[in-house]
Amino acid sequence: HVSDKSRRNYCAMVHRLDINVGRIMQELKEQDLIDKTMVVFLSDNGGPIRVKKDGDVAGIRSNAPLRGAKGILLEGGIRVPFVISMPGTVPSGRTYPEPVSSLDLTPTFFKLAGGTVTPNDELDGDDLMPFQSGLKSGTPHTQMKWRFTISGSLREGDWKMIRLPDRLPQLFNLKEDVSELND
């Protein structure tokens, strides 16, 4: 019933994803593995805001209130959904407001599997379980860094500096300005 073909295809993909994640979760329950399995859902980048059709813009999407999109280091391009489910280990419904990274998955999985992470492993991420379970407060990262082609960004606490190719570096306080409008 969605008339725009591009939008209809997107809706169909999200629908199939939802159905198949449900099937996986149901199988984990049936195999009595749900409490022993961490399921992670995250996106690799923010959504595109312009959808091209035969070289023309067919539609414009929104990442509001975030500015930017896929391939841009503004929050609309890097802030994405990140959900962890592990009943009995990660409290249901708990939210964690601090920034985390997909790089945190390696040490998290490694420690859950019984491994020990040492400085010699030179992993960029941090084990998220102490933060997700509430055993540790604060943030696992004092700084976060991104680089994409000739753009770069650095976040420290609530402050984020971004260097885009067509302008001078900009500095934003994300706590006060998540839309990155006031340099």
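- In terms of the side chain to side chain donor-acceptor pair (under 3.5 Å) criterion, Gln170 has no residue partners (sequence neighbours excluded).
- A side chain to side chain contact (heavy atoms under 4.5 Å, CB included) with Ser153 is found for one member of Leu74, Leu73, Ile72, Leu164 and no other, namely Leu73.
- Linking Ile, Leu, Val, Met, Phe, Trp and Tyr whenever their side-chain heavy atoms come within less than 4.5 Å leaves Val178 and Val80 in two separate clusters.
- At a threshold of 4.5 Å between non-hydrogen side-chain atoms, the residues Phe109 and Leu128 do not count as touching.
- Glu27 has its side chain out of reach of Ile24: every pair of non-hydrogen atoms, C-beta onward, lies at least 4.5 Å apart.
- Residues Leu112 and Met86 form a side-chain contact, since some pair of their non-hydrogen atoms from C-beta on lies under 4.5 Å apart.
- Sequence neighbours left out, the pairs with a member in residues 75-101 that pass side chain to side chain donor-acceptor pair (under 3.5 Å) are Glu75-Arg79, Glu75-Lys160.
- A distance-only check finds a donor-acceptor pair linking the side chain of Asp183 to the backbone of Leu171 [under 3.5 Å].
- Under the 3.5 Å distance criterion, the side-chain polar atoms of Arg16 are left unmatched by any main-chain donor or acceptor of Asp18.
- At least one side-chain heavy atom of Asp104 sits under 4.5 Å from a side-chain heavy atom of His141.
- Side-chain atoms of Asn63 come within 3.5 Å of backbone atoms of Gly68 as a donor-acceptor pair (strictly under, hydrogens ignored).
- Looking at Thr108, Val90, Val100 one by one, the single match for side chain to side chain contact (heavy atoms under 4.5 Å, CB included) with Ile84 turns out to be Val90.
- Contact check for Arg67 versus Phe172: side-chain heavy atoms found under the 4.5 Å cut-off.
- Looking at Arg155, its side chain never comes within 3.5 Å of a backbone N or O of Met144 through a donor-acceptor pair.
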